[in-house]
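Hydrogens, waters and symmetry mates are skipped; everything else that's a heavy atom, side chains included, is used. If you read the sequence from its start, that first residue is 1, and numbering goes on from there. Note that ligands are numbered from 1 as they come in the structure, with each ligand's atoms numbered from 1 the same way.
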Amino acid sequence: METEKKKVKVLVCCTGSVATIKLKELVDRILEHGAEVKVVTSEHAQHFFSVEELRKSVEVFRDEDEWTMWSKRGDPVLHIELGKWADVLLLAPLDANTLAKISQGLCDNLLTCVVRAWNIKKPLLFCPAMNTRMWEHPVTAIQISSLKSWGYVEVPCIAKTLICGDTGLGAMAEIDTIVNTLIGTIENIVT
Ligand SMILES: CC(C)(CO)[C@@H](O)C(=O)NCCC(=O)N/C=C\S
């Protein structure tokens with residue numbers, strides 16, 4: 001993913017869905033396409049991957065990093081700097097809780113602050129992932145439509161037998177689908 005030899009900067013933001021077990025595979029595939037990647041993780045997402053392991057490939061930012069970086073006037077504000085750095089924001093996976101927060105403008109951690117301060121002229125892609133029962137609750141469609149009304153691009157969830165044994169919609173889109181959608185979005189930026 002390069003435009004006029006400039007590496008496209010992708011900010012991958014992951015939340016507390018079990019689909020975060022696929023984060024390293026997703027990051028590696030995006031790196032293979034020649035993009036620069038940084039990762040922002042929510043606290044709950046850290047149950048599903050090793051920050052130290054991923055830090056061997058890319059920078060990973062957590063809530064506490066906001067406060068190691070800022071202590072006085074003039075210090076950089078991490079959630080603003082990350083938003084300025086990124087050409088595209090990829091929310092993968094987007095769990096039910098963070099979907100709800102973003103749809104209402106809540107910003108109570110590093111990840112939701114980055115999204116809240118995002119320049120919506122730049123592309124934001126989101127990959128919902130949650131249990132089927134959560135997906136089918138009527139509040140989900142309302143919140144998804146809010147995000148789409150701001151121009152955010154949904155990479156729709158798919159039906160699978162989920163890790164908890166339920167079968168139905170709610171599984172995160174396949175990595176191939178996510179990466180192909182990302183590439184397509186970036187080509188739009190260029191042309
Ligand atoms: C984890 C993976 C990718 C394995 O194929 C798939 O099950 C998935 O996307 N699940 C996300 C849905 C979820 O958060 N379920 C939570 C409770 S069932």
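For K160, the side chain to side chain donor-acceptor pair (under 3.5 Å) criterion is met by E174, not counting sequence neighbours. For the side chain to side chain donor-acceptor pair (under 3.5 Å) test, residues two or more places apart in sequence or in another chain that qualify with S71 are D75.
Residues L99 and M130 are in side-chain contact: their nearest non-hydrogen atoms beyond the backbone lie under 4.5 Å apart. In this structure the side chain of L124 never reaches within 4.5 angstrom of the side chain of V153, judged on heavy atoms.
A cation-pi arrangement is present between K122 and W118, with the terminal nitrogen or guanidinium carbon under 6.0 Å from the aromatic centre and inside a 45° cone about the axis.
Residue pairs meeting the salt bridge (charged side-chain N to carboxylate O under 4.0 Å, His left out) criterion with at least one partner in residues 36-48, sequence neighbours excluded, are K38-E59.
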Can you produce the list of protein nitrogen or oxygen atoms under 3.5 Å from a nitrogen or oxygen of ligand 1, alongside each distance?
from, atom 1, to, atom 2, distance (Å)
ligand 1, 5 (O), K160, NZ, 3.2
ligand 1, 9 (O), M172, N, 2.8
ligand 1, 14 (O), S17, OG, 2.8

